[in-house]
Amino acid sequence: MTVPAHDAALEALREAVAGLPGSDAPDDAPFDAAEHATAFESVHDALVAVLADVDRT
């Protein structure tokens, strides 16, 4: 069985993960909970899209 490429969904997931706050921020950097929540929500939405795309195959 050949699995079709899910390029668009995977690319959106990669971009969402790349947008997560990194550990490279200085220790004294302010923590913005709203920014973190938005970033993780984007990853969640992108992951759900990938799983839905795979489920359709």
Side-chain angles (χ1 to χ4, degrees):
M1 175 171 111
T2 303
V3 177
H6 304 285
D7 295 334
L10 287 174
E11 185 58 30
L13 179 58
R14 286 185 189 105
E15 289 176 12
V17 169
L20 289 174
S23 61
D24 57 347
D27 289 337
D28 61 347
F31 179 81
D32 185 353
E35 179 183 347
H36 282 67
T38 301
F40 279 101
E41 183 179 8
S42 295
V43 171
H44 173 266
D45 293 345
L47 182 56
V48 168
V50 167
L51 293 173
D53 198 27
V54 169
D55 190 47
R56 284 190 287 269
T57 60

Inset, instruction - Would you name the heavy atoms of Ala39 and Gly19 that are closest together and state the gap between them? - result: CB-O, 4.0 Å
Inset, instruction - May I ask you to check whether over 12 heavy atoms, not counting those of His36, lie within 6.0 Å of atom NE2? - result: yes
Inset, instruction - Report yes or no: do Val48 and Leu51 belong to one cluster of Ile/Leu/Val/Met/Phe/Trp/Tyr joined by side chain heavy-atom distances under 4.5 Å? - result: no
Inset, instruction - Calculate, to the nearest 0.5 Å, the distance between atoms OG1 and CG belonging to Thr38 and Leu20 respectively. - result: 11.5 Å
Inset, instruction - Kindly give the heavy-atom pair with the smallest separation between Leu13 and Val43, and that separation in Å. - result: CD1-O, 3.9 Å
